[in-house]
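Each remark here refers to the structure printed beneath this line.
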Number of protein chains: 2
Amino acid sequence: MSRKQDIIDAATDLFSQNGYHATSTHQVAKLAEVSEGIIFYYFKTKEDILLEIFYDSFDTFLESLQRIMDEAPTGLDALRAWVGIHFEAIDSRAKNILLLVRDFPASLANEDSPHRENILGRVAKLHQFLVKIIKRGQKDGSIGSCDPEPTALVLRSLLIGYTRVAMLENPHPPEFSKALWGFCRRALNPNPSQA
Amino acid sequence: MSRKQDIIDAATDLFSQNGYHATSTHQVAKLAEVSEGIIFYYFKTKEDILLEIFYDSFDTFLESLQRIMDEAPTGLDALRAWVGIHFEAIDSRAKNILLLVRDFPASLANEDSPHRENILGRVAKLHQFLVKIIKRGQKDGSIGSCDPEPTALVLRSLLIGYTRVAMLENPHPPEFSKALWGFCRRALNPNPSQA
DNA sequence: CAAAAAGCTGAGTGATTACTCAATCAATAC
DNA sequence: GTATTGATTGAGTAATCACTCAGCTTTTTG
C-alpha cells in the first residue's frame with residue numbers, strides 16, 4: 001500500500017473517531033507510521049486530506065448508485081437499493097460516512113468557499129440520479145405521480161437526516177429502517193388513496 | 001441588555017457565519033464590544049458558549065412545540081405546525097438554527113462526551129412530543145395506522161435533513177416545502193390505498 | 001460612608017499545531 | 001558509476017488562541 005493511502009486511512013480513522021479539529025497532523029503521522037513532513041508532500045494542507053476523503057467517498061457512492069440503476073428492474077427497486085446503501089453504511093459504522101456526517105458541513109456553508117463548487121457539483125449529480133430513478137418509476141408504474149425534482153430533494157434530505165441521526169444518536173434497529181422504507185413507499189405509492 | 005447576552009449574540013453571529021472553530025474568543029469580544037476576559041467570567045470555556053446557545057435554542061423550540069400541541073385541533077395539524085417552524089427558521093435564515101446545523105454534531109458523536117446526556121435528553125423530549133402528536137392523530141383519524149416510535153424518528157430525520165440541506169445548499173422555494181409536506185401527508189394518510 | 005462583593009479590563013502566557021526546509025536516502029536514467 | 005529525480009525525515013518555526021490574573025471600577029450592603 002502506498003504511503004499516501006496510509007495517511008488517508010489513518011486520517012479517516014482519527015477524524016471520524018475524534019473529529020477533524022481535534023485531530024493533529026502529528027497524530028495522523030504517528031498512526032500512519034510516517035513522518036509528519038510527508039503529509040505535506042502529498043497534501044497541500046490538512047483540509048485537503050479531508051476533502052480527498054470526501055471526494056473519494058462520494059465518487060464511490062455515485063459509482064454504486066450507477067450500478068444500482070443499471071441492475072434494478074424498476075424505479076422503486078432502484079430507490080430501495082439506494083436506501084439500502086445507507087443502511088449498510090450505518091450498520092457497518094462506515095468510518096468515511098461517519099466522518100462526513102460529523103465534520104463536513106462547515107466548509108460548505110460559506111458561500112465563498114473555494115470548494116463549494118466541487119462539492120455542490122457532486123451533490124447535483126446525486127440529485128440527478130434520484131430524479132432519473134423517480135421518473136423511471138413513474139414510467140414503469142412503480143412510483144406514483146409527483147414532481148420529481150422536489151421529491152428527489154425530500155428523499156435526499158430524509159436519508160441524510162436519518163444517517164446522521166442513526167450514526168450520532170444510537171444504533172438503528174430493524175424496525176426503524178423498515179419504518180423509513182414504509183414511509184417512503186406510502187408517500188410514493190402509485191395507487192392513489194381515497195381522500 | 002446584559003453583557004452576557006451581548007456575548008451570546010456576537011458568538012451566535014460569528015459561529016453561524018464562520019464556524020465555531022474558525023471563530024476566536026478575541027473576535028467574539030471585539031464584536032460584542034467587551035474585553036476578552038469577561039467571556040471567561042461568564043463562561044467557563046469557549047465550548048460552554050456554544051452549549052448555552054444550543055440549549056437556549058432547543059428549549060425555546062420545545063416551548064413552541066408545546067404551544068403548537070395545545071392549539072392544533074388535530075394531530076395532523078400539530079405536525080403541520082411543527083414542520084412550519086422549520087420552514088420559518090429556514091426562510092429567516094435563523095442564525096441559531098444555522099449554527100446547530102453546521103457545528104453541532106462533533107460533541108455528540110463522542111460516546112464519552114460529558115454533554116451527551118444533556119443533549120440526548122432534550123432530543124428525547126422532542127421525540128416524545130412527536131410520538132404524542134402521532135398517537136393523537138391516529139385517535140382523531142387524521143393520521144393513518146403506523147408504529148409511532150419509528151415514525152417519529154423518521155419524521156425527525158426528515159426535518160433535520162431538510163433543514164440542513166436547505167440552509168447549506170440553497171434557498172428553498174415554496175414548491176420544495178410543499179413537496180415535503182405532501183410527502184409526509186401521503187405517508188401518513190389515514191385512508192389506505194389499494195395496493 | 002466604609003467595606004465587601006460583583007463586574008470588568010487587557011496585557012500576558014503556555015501550550016498547541018499546521019506547515020517548512022535542509023538534509024538524507026532510494027530509485028531510475030544515462 | 002554517476003547524475004538526476006523523487007521520496008522521506010524530523011527538528012524547527014511562526015503564529016494562533018483559549019484561558020489567567022492582578023488590579024481597577026462600579027454596585028450593593030450594612
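As a basis for the values below, the full set of heavy atoms in this structure was taken, side chains included, without hydrogen atoms, waters or symmetry mates. First the proteins, then the strands, lettered A, B, ... as listed; each starts at 1.
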Exercise. With side chains defined as the heavy atoms from C-beta onward, is the minimum distance between B:Leu79 and B:Cys184 less than 4.5 Å?
Worked result: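 No; the side chains remain at least 4.5 Å from each other.
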
For [X] and [N], what is the distance between atoms [atom1] and [atom2] respectively, to the nearest whole Å?
| X | N | atom1 | atom2 | answer |
| --- | --- | --- | --- | --- |
| B:Lys30 | C:dG10 | NZ | C1' | 15 Å |
| A:Phe43 | D:dA7 | CZ | C1' | 15 Å |
| A:Gln27 | C:dC19 | CD | P | 15 Å |
| A:Lys46 | D:dA15 | NZ | P | 20 Å |
| B:Lys44 | D:dC21 | NZ | C1' | 16 Å |
| B:His26 | C:dT9 | NE2 | P | 14 Å |

Exercise. Between A:Lys178 and B:Asp147, is a side chain to side chain contact (heavy atoms under 4.5 Å, CB included) present by the stated rule, with each step listed?
Worked result: CA-CA 10 Å; A:Lys178 254 181 81 180; B:Asp147 195 345; over 6 Å; no

Exercise. Contact class for B:Thr25 (heavy atom, under 4.0 Å): base, sugar-phosphate, or nothing?
Worked result: base

For this session: Using the six-membered ring of B:Phe58, assess whether NZ or CZ of B:Lys125 lies under 6.0 Å from its centre and within 45 degrees of the ring axis.
Result: no

Using atom names, set out every protein N or O paired with an N or O of nucleotides 6-8 of chain C below 3.5 Å, distance rounded to 0.1 Å.
unit_1: C:dG7; atom_1: OP2; unit_2: B:Tyr41; atom_2: OH; d: 2.3
unit_1: C:dC8; atom_1: OP1; unit_2: B:Arg3; atom_2: NE; d: 3.4
unit_1: C:dC8; atom_1: OP2; unit_2: B:Tyr42; atom_2: OH; d: 2.6

Problem set entry | B:Asp103 side chain to B:Ser16 backbone, donor-acceptor under 3.5 Å |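 Not at all, since once roles are kept as given, no pair shorter than 3.5 Å links the two residues.
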
Exercise. Which of the following nucleotides, D:dT9, C:dC19, D:dC19, is nearest to the side chain of B:Glu36?
Worked result: D:dC19

